[in-house]
Each structure stands twice: as C-alpha cells, then as structure tokens.
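Some notes on the structure that comes next.
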Amino acid sequence: MFQSTSHTGTKEKNYELLLKQLQALLEDEPDVIANLSNASSLLNQFLEDVNWVGFYLWKEDQLILGPFQGMPACVRIPSGKGVCGTAVAERSVQRIEDVHAFPGHIACDAASQSEIVIPIFKNNEIFGVLDIDSPSKSRFDEQDEKYLTKFVDILQSYL
C-alpha cells in the first residue's frame with residue numbers, strides 16, 4: 001500500500017527510492033494504461049514544484065493525451081510542434097529552462113515556466129512521451145534528467 005510521504009534524503013537517494021517504487025507498481029500489472037496512470041500519480045506525489053505530470057501516446061501519427069495529473073491539457077500534438085512534438089521528432093530529451101523562449105511552445109497551462117519531456121520507445125519506435133511542467137523557470141537539472149530517463153527506461157520494459 002502506498003501513502004504520501006516526505007522525502008528527506010539526498011536528491012539521488014530519493015530518486016533511487018522512486019525507481020524502486022515504480023518497479024514495485026509495475027511488477028505484476030500488464031495493463032499499460034493502468035501502469036502509466038500509477039506512474040504519473042507517483043511522479044506527481046514525488047516531485048516538488050511541478051504543476052503537470054503525464055504522458056502523451058503516439059497514435060495516428062500524432063501525440064494524443066494519455067494518463068496525467070494536473071490541469072486539463074492539449075489533446076493532440078503533431079510531431080515537431082511544441083516541446084513534446086520536438087522530443088518525438090528529434091527522438092531526444094527536451095529540458096527547457098524557459099518555455100516562453102521555446103519556439104512554437106504550446107501553452108496548455110499558463111502557469112508553466114519550464115518543462116522536461118522524455119521520449120518513450122517500444123521496439124525502437126516512438127510510443128509516446130513523459131511530459132513534466134513546472135511553474136518555476138529552470139526547475140529541471142541534469143540529475144532530474146538522468147533519473148527521469150531511468151524512470152522511463154523502467155516503464156519501457158513493461159510496454
């Protein structure tokens with residue numbers, strides 16, 4: 001059973017705990033939507049200073065909104081558009097310090113100031129993205145990118 005707790009260790013130790021919690025959540029559940037739903041909830045509970053955590057899934061040659069925590073969001077995002085679409089087009093992590101300076105940024109939540117998007121792959125093809133927004137500029141650093149990429153790596157092994 002999970003309960004809300006505060007994390008008092010180092011950032012690295014807290015992320016290691018998060019990865020173990022994710023592994024435990026996914027271990028015996030084959031349903032992708034259930035797993036993505038729990039993953040977004042886990043991240044929302046774990047991460048401080050975020051206002052949106054969720055997934056967009058690649059369908060019909062575009063990203064379509066999947067399980068998330070936060071304000072209502074854009075439903076469809078074409079490849080190459082906004083931060084999420086750029087992550088898909090470039091097949092790479094996008095860590096944006098100031099979303100308002102990002103060309104073509106799609107503003108779903110006016111409070112968002114920074115964003116990190118990690119592409120998710122299945123059989124070397126785009127499956128979707130993990131998208132996390134913060135109301136603070138420069139919220140995400142290299143350590144966040146490292147551990148959120150590991151988080152996605154664990155998720156990918158259950159797709």
Side-chain angles (χ1 to χ4, degrees), residues 2-26 35-58 62-121 126-156:
F2 283 82
Q3 61 184 6
S4 183
T5 60
S6 60
H7 303 282
T8 57
T10 65
K11 190 172 187 176
E12 184 175 30
K13 294 274 187 205
N14 290 342
Y15 265 119
E16 291 294 341
L17 176 60
L18 173 74
L19 298 177
K20 288 177 185 174
Q21 290 174 330
L22 176 66
Q23 189 76 41
L25 274 173
L26 302 177
N35 286 335
L36 294 177
S37 297
N38 270 335
S40 66
S41 179
L42 184 64
L43 283 170
N44 193 54
Q45 185 270 323
F46 170 80
L47 294 170
E48 295 177 0
D49 196 27
V50 298
N51 59 316
W52 202 92
V53 177
F55 298 93
Y56 280 91
L57 307 178
W58 187 251
Q62 62 189 323
L63 289 167
I64 299 179
L65 183 63
F68 72 95
Q69 306 281 310
M71 297 291 286
C74 306
V75 176
R76 296 173 185 270
I77 301 173
S79 177
K81 301 292 182 186
V83 179
C84 291
T86 299
V88 167
E90 296 181 3
R91 299 173 64 96
S92 65
V93 174
Q94 302 293 307
R95 184 165 38 102
I96 310 302
E97 292 184 3
D98 180 357
V99 295
H100 302 291
F102 188 87
H105 174 249
I106 301 169
C108 292
D109 183 342
S112 295
Q113 298 293 316
S114 63
E115 185 171 5
I116 188 166
V117 178
I118 297 107
I120 304 169
F121 299 94
I126 288 287
F127 177 83
V129 298
L130 167 60
D131 179 19
I132 306 173
D133 293 5
S134 171
S136 299
K137 289 184 180 176
S138 303
R139 158 61 181 87
F140 304 103
D141 62 18
E142 290 177 6
Q143 202 166 26
D144 293 305
E145 182 175 336
K146 173 185 171 182
Y147 281 100
L148 292 170
T149 299
K150 286 182 178 188
F151 189 93
V152 165
D153 288 344
I154 292 169
L155 275 175
Q156 287 173 153

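- At a threshold of 4.5 Å between non-hydrogen side-chain atoms, the residues Ile120 and Phe55 count as touching.
- Listed by chain and number, the residues in a salt bridge (charged side-chain N to carboxylate O under 4.0 Å, His left out) with Asp141 are Lys11 (sequence neighbours excluded).
- Annotation: the span from Ile132 atom CD1 to Gln69 atom CD amounts to 11.5 Å, rounded to 0.5 Å.
- Side-chain N or O atoms of Ser134 include none that pairs as donor or acceptor with a backbone N or O of Ser114 at under 3.5 Å.
- Evaluation of the side chain to side chain contact (heavy atoms under 4.5 Å, CB included) rule for Glu97 yields Ser138 as partners, not counting sequence neighbours.
- No side-chain heavy atom of Gln94 sits under 4.5 Å from any side-chain heavy atom of Glu115.
- Here the two rings, on Tyr15 and Phe46, have centers that are under 6.0 Å apart.
- Using a 4.5 Å heavy-atom cutoff, the side chains of Leu47 and Arg139 are in contact.
- Side chains of Val53 and Phe68 form no contact here, defined as non-hydrogen atoms less than 4.5 Å apart.
- Taking CG of Leu63 as the reference point, atom SG of Cys74 lies at 11.0 Å (rounded to 0.5 Å).
- Leu36 and Phe127 get closest at one heavy-atom pair: CD1-CE2, 4.2 Å.
- Counting only heavy atoms from C-beta outward, the side chains of Phe140 and Glu145 never approach each other to under 4.5 Å.
- Judged as a side-chain hydrogen bond (donor to acceptor under 3.5 Å, both in side chains), and not counting sequence neighbours, the contacts of Asn51 are Asp109, Ser112.
- Looking at heavy atoms from C-beta onward, Leu22 lies out of side-chain contact with Leu43 at the 4.5 angstrom threshold.
- The distance from atom CD of Glu142 to atom OG1 of Thr149, rounded to the nearest 0.5 Å, is 11.5 Å.
- The two atoms that bring Gly70 and Trp52 nearest to each other are CA-CD1, 3.8 Å, heavy atoms only.
- Note on residues 128-138: pairs passing salt bridge (Lys or Arg N to Asp or Glu O under 4.0 Å), not counting sequence neighbours, are Asp98-Lys137.
- The distance from the CD atom of Gln143 to the CG atom of Leu148 is 10.5 Å, given to the nearest 0.5 Å.
- Note that CG of Leu155 is 7.5 Å distant from CG of Leu130, once rounded to the nearest 0.5 Å.
- Within the structure, the side-chain hydrogen bond (donor to acceptor under 3.5 Å, both in side chains) test picks out no pair touching residues 77-87 (sequence neighbours left out).
- Contact detail for Pro119 and Ile126: the closest heavy-atom pair is CB-CD1, 4.2 Å.
- Considering all non-hydrogen atoms of both residues, Trp58 and Val88 come closest at CZ3-CG1, 3.8 Å.
- Going from atom SG of Cys84 over to atom CD1 of Ile118 covers 10.0 Å, rounded to the nearest 0.5 Å.
- For the pair Tyr147/Leu18, no side-chain contact is recorded, criterion being any heavy-atom separation below 4.5 Å from C-beta on.
- Nearest heavy-atom pair, Ala87 versus Val129, reported as atom, atom and distance to 0.1 Å: CB-CG1, 4.4 Å.
- Remark: Gln62 pairs with no residue by the side-chain hydrogen bond (donor to acceptor under 3.5 Å, both in side chains) rule, at least two apart or across chains.
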